Amino acid sequence: MAAVPDKPALEGLEAKWGETWEQQGTYLFDRDAARAKGRAGVFSVDTPPPTASGSLHIGHVFSYTHTDVKARYERMLGKTVFYPIGWDDNGLPTERRVQNYYGVRCDPSLPYDPEFTPPFEGTTKTIKAADQIPVSRRNFIELCEKLTVEDEKTFEDLWRSLGLSVDWTQTYRTISDDTIRTSQLAFLNNLERGEAYQDLAPTLWDVDFRSAIAQAELEDRDQQASYHRLAFHKTDGSGDIHIETTRPELLAACVALVAHPDDERYQPFFHSTVTTPVFGVEVPVLPHPLAQPDKGSGIAMICTFGDVTDIIWWRELDLPNRTIIGKDGRVVADAPEAITTEAGRAAFAELAGKTVFSAKKRMVELLEESGELENVSAAFTHPVKFFEKGDRPLEIVSTRQWYIRNGARDAELRAKLIELGQQIDWHPEFMRVRYENWVNGLTGDWLVSRQRFFGVPIPVWYGLDENGDRDYDRVLVPDAATLPVDPSSDVPPGYSADQRGVPGGFEAETDVFDTWATSSLTPQLAGGWQRDADLWNLVAPFDLRPQGQDIIRTWLFSTLLRSALEDDRTPWAHAAISGFIVDPDRKKMSKSKGNVVTPADILAKHGSDAVRYWAASSRLGTDAAFDPQNPTQIKIGRRLAIKVLNAAKFVLGFEAPEGATVTEALDLSMLAALDDVVAQATKALDGYDHARALEVSESFFWTFCDDYLELVKERAYAGGDAGASAAVALRTALSTLLRLLAPVVVFAAEEAWSWFESGSIHRAGWPEASGLGGDPAVLSVASQALIGIRRAKTEAKASQKTAVTSASIAAPAGQIEALRLAAEDLKAVGRIAELEIAEGDAFAVTSIALAEEA
């Protein structure tokens, strides 16, 4: 046990106790203990792996604290806690950061340069692709590895400073060999069961990242646009049909016009044809229920592809594909075969090679020159699809990609996913509806392939026919025992290296998995699936998945999907969903809005316990406002942490004689009230309501400090049997209160605990009721009386230390006896010579006579 310092302080506690916990293995997962207790004695957490491609923000601190409070509580209940952490370090965000940090870009055609040195390190600005130095894929991946390792060290330091009780021996990276093996093995299982497939189809495409984007990664952003009214000519020569479009640059990709089946304006023209302006291509006029009669002119052109609705129309109406936007975001060089006129092909040639923006400008000029542009509306804003981490609107191009079935086109699987979602306990419950809405709103299977470099390689090759062309029906897969594999350097079973790229040989798949295809396996990665059966059986299915509400559609859904396909069960029993952090204007904090607050300075200035208090004060699913200029809740938390130290020092100044027991009514009353607090806090934490647990514990702590300590300190100083009762009650309450607050103010609680107990408070048992049977009313009425006495002295402009010759207190009949039991303590704290207690209608100090000062 440590000596009680003369002046307790919060400064330095993070470093002191962080080092001690590390040395003593306070938070290590004890596998032997877990085996002895069995699965029911383990509490396992599927901890979110933060993206290692930038910096942590205050929202991370907010949500990870929620998880840590629960993990610490379960540990104190006696559970063996499995609390790992990973780093999500592969994928598009990492590549973008590496490009900007080192000023490079990947060119897979270049050879590896073992002596390569990047042009610079450390910029945070976006570097144009033209200014980035091209490097080989291997050089690029080495830079990705280097930077993510550095970022992860910084992240770990911050988490340790915050006091997360994770087991730092149980970590993983989403790009390690073990991770690649697990991810590849799960995919091969999907492939073998027919759950994974590839298809050539319209794909949402980010022209900057040069990669396909999944539905779950989309976000709408308002963009300015104008309607361009164009004249399509009826092929029977009877006039024109006018459409209004925001994307005239896609006119060459037009394959049909479409109107609602019930729209009487266009019913006479259904299944007739019109010719497109400028290009003179004949296209049909067709009915479809997704057409909106009240939008524009009520009839739209279907282009391949302007938006996701075009894809639906194209597929359901069995239309041709005339895609004109390439993967680089520019108009392709070759005109669609449907453009046959010399004028039409000449017009297309003027668009070829242009960006979408430039193509639109020139297309409008061509339409004006032809006289087929009727007018252009005033500008307005409308939502446009973006990759959530991208800078330009997505285009839709036709590419061959890998997919995993997710229920979008399989009613039975969709129903299964809804059923599994209902088996999970959601905190708060209404978040389950968001999950179900996502599942029911899916429009396509999960696109899991990406045309990038730093990721888990898709473990397949393709057989080549006699002409050296890929035979997509001959997908070659590795033996599971050989995983992990890199198809670009490894060879499929039955082939030799010299058969790579030659007729009759093989060719590697060069795509990598979407980062969510790996992150969807975090239970398997952390829990040793197909790698450590003993560990997997001890921790899976996990008890808890904590996460933010914004990734229900991505991380939560994809993890549940993989578990359903692999094990036909939920991956966890509980899902705890944190709210957002919003700025003082109630706007969600995000990097794109520029209102993100990084936590390092806040932690350094106010202390980790104070920041943890702020986070723990918010319930799950509730957004919390944060004002870095005036962090009121953090300041309150710091005051609480300091008071914990000072109150502990004061209480420990009273020695309790050996064998002494609690005998006095006020002491028994305080402990009875504390028993109720323990019961309420326990119920709240069992129900994932950390905010309620903190609220009731903190409220009683201040009553204990402000009222009970004041009421009994004179008796405790005086000694004797009555003083010994106070000393025992004080120490008993201190032990209980420190443990109640320990999951939140982890450093202050540990420091105070070390002054009178051995071992870590975070390994101590969760408090239980004392069961001494006191009457809580005694402390309640004594507190009321003390407040009244203090107020009376204040109103008399006298010091609280001023002696009182006599005082009278009125109380309702039901409180008289309780008040009399506390009378001696009230007289001592109020310095009252004579105290009269009488029955009255309301509780009040009816008279007070102050002694004359000498």
Side-chain angles (χ1 to χ4, degrees), residues 1-24 26-27 65 68-69 72-73 75-76 161-165 606-613 616 634-656 670-671 674 677-678 681 693-694 696-710 712-713 716 726-768 770:
M1 289 178 283
V4 181
D6 291 335
K7 294 183 178 181
L10 296 177
E11 285 69 28
L13 294 186
E14 291 89 351
K16 171 185 175 180
W17 288 110
E19 183 178 346
T20 301
W21 295 333
E22 180 71 14
Q23 292 174 349
Q24 297 180 352
T26 304
Y27 306 123
T65 298
D68 191 57
V69 170
R72 288 178 177 279
Y73 167 69
R75 191 180 288 112
M76 294 177 76
S161 175
L162 183 65
L164 292 192
S165 61
H606 299 282
S608 297
D609 279 347
V611 176
R612 290 175 63 93
Y613 171 89
I634 289 178
K635 292 177 181 178
I636 294 172
R638 182 173 177 83
R639 176 171 170 256
L640 172 65
I642 292 172
K643 189 66 175 180
V644 163
L645 298 179
N646 290 332
K649 175 181 171 63
F650 183 77
V651 168
L652 295 175
F654 300 106
E655 286 290 341
M670 181 272 295
L671 292 176
L674 184 53
V677 171
V678 170
L694 174 58
V696 297
S697 300
E698 180 192 11
S699 176
F700 186 84
F701 174 76
W702 287 112
T703 296
F704 174 79
C705 294
D706 295 343
D707 298 344
Y708 178 74
L709 277 177
E710 292 299 315
V712 303
K713 66 181 182 181
V728 172
L730 284 166
R731 284 183 172 247
T732 302
L734 176 64
S735 173
T736 297
L737 285 166
L738 287 178
R739 284 177 287 160
L740 285 172
L741 294 170
V744 178
V745 288
V746 299
F747 297 102
E750 185 75 290
E751 174 73 5
W753 185 262
S754 73
W755 299 339
F756 70 108
E757 294 283 6
S758 59
S760 171
I761 191 172
H762 303 297
R763 285 284 185 179
W766 184 250
E768 298 179 353
S770 65

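Nothing here was measured: the structure is a model prediction, and the numbers come from that model.
Here the CG-CG distance, from Leu741 to Leu694, works out to 7.0 Å after rounding to the nearest 0.5 Å. The distance from atom SG of Cys705 to atom NZ of Lys643, rounded to the nearest 0.5 Å, is 5.0 Å. Here CD of Glu750 is found 11.5 Å from CZ of Arg763. Values are rounded to the nearest 0.5 Å. Once rounded to the nearest 0.5 Å, the distance linking CG of Leu13 with NZ of Lys16 reads 6.5 Å. Remark: Glu22 CD to Tyr27 OH distance equals 11.0 Å, nearest 0.5 Å.
Taking both residues in full, the closest heavy atoms of Ser697 and Ala693 are given as OG-O, 2.8 Å, listed atom of the first, atom of the second, then distance. Lys649 approaches Val4 most closely through the heavy-atom pair CG-CG1, 3.7 Å. The nearest pair of heavy atoms linking Ile761 to Ala749 is CD1-O, 4.0 Å. Of all non-hydrogen atoms in Ala727 and Glu655, the two that sit nearest each other are CB-O, 3.8 Å. Among all heavy-atom pairs drawn from Ala729 and Met670, the shortest one is O-CE, 3.5 Å. Residue Pro767 comes nearest to Thr736 through the heavy atom pair CB-CG2, 3.7 Å, listed as atom of the first residue, atom of the second, then distance.
With a 6.0 Å radius and a threshold of 12 heavy atoms from other residues, nucleotides or ligands, Glu757 has its CD atom above the threshold.
The shortest side-chain heavy-atom distance between Phe756 and Val651 does not fall under the 4.5 Å cut-off. Using a 4.5 Å heavy-atom cutoff, the side chains of Val677 and Phe701 are not in contact. In this structure, the side chains of Pro8 and Glu751 stay at 4.5 Å or more apart for every pair of heavy atoms. Ile642 has its side chain out of reach of Leu645: every pair of non-hydrogen atoms, C-beta onward, lies at least 4.5 Å apart. Two residues are said to be in side-chain contact when any heavy atoms from C-beta on lie closer than 4.5 Å; Ile636 and Tyr613 meet this criterion. For the pair Asp609 and Val746, the minimum side-chain heavy-atom distance is below 4.5 Å. No side-chain heavy atom of Phe700 sits under 4.5 Å from any side-chain heavy atom of Val678. Inter-residue side-chain proximity for Ser760 and Trp753 is flagged as unmet; no heavy-atom pair is nearer than 4.5 Å.
Within the 3.5 Å criterion, the main-chain N or O of Val744 finds no donor-acceptor partner in the side chain of Arg72. Between the side chain of Asp68 and the backbone N or O of Ser165 there is at least one donor-acceptor pair closer than 3.5 Å. With hydrogens and angles ignored, the 3.5 Å screen pairs no side-chain donor or acceptor of Arg612 with any backbone N or O of Thr65. A donor-acceptor pair under 3.5 Å is absent between the side-chain atoms of Arg638 and the main chain of Ala610, judged by distance alone.
Here the rule is ring pair (Phe, Tyr, Trp, His ring centres under 6.0 Å) with His762, and of Phe747, Tyr73, Trp21, Trp17 only Trp21 fits it. For the side-chain contact (heavy atoms from CB on, under 4.5 Å) criterion with Tyr708, the lone passing option out of Leu674, Thr703, Leu730, Leu671 is Leu730.
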Next on the checklist: Working note: Arg731 + Leu652, criterion side chain to side chain contact (heavy atoms under 4.5 Å, CB included); need CA distance, chi angles, decisive distance, verdict.
Outcome noted: CA-CA 7 Å; Arg731 284 183 172 247; Leu652 295 175; 3.6 Å; yes

Checklist entry - Where do Arg739 and Ser735 land on the side-chain hydrogen bond (donor to acceptor under 3.5 Å, both in side chains) test, with the steps shown first? => result CA-CA 6 Å; Arg739 284 177 287 160; Ser735 173; 3.0 Å; yes

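Taking the six-membered ring where tryptophan is involved, the planes of Phe654 and Phe650 are perpendicular, since the angle between them exceeds 60° and thus also 30°.
Partners of Glu710 by side-chain contact (heavy atoms from CB on, under 4.5 Å), not counting sequence neighbours, listed by chain and number: Lys713, Leu786, Arg790, Val829.
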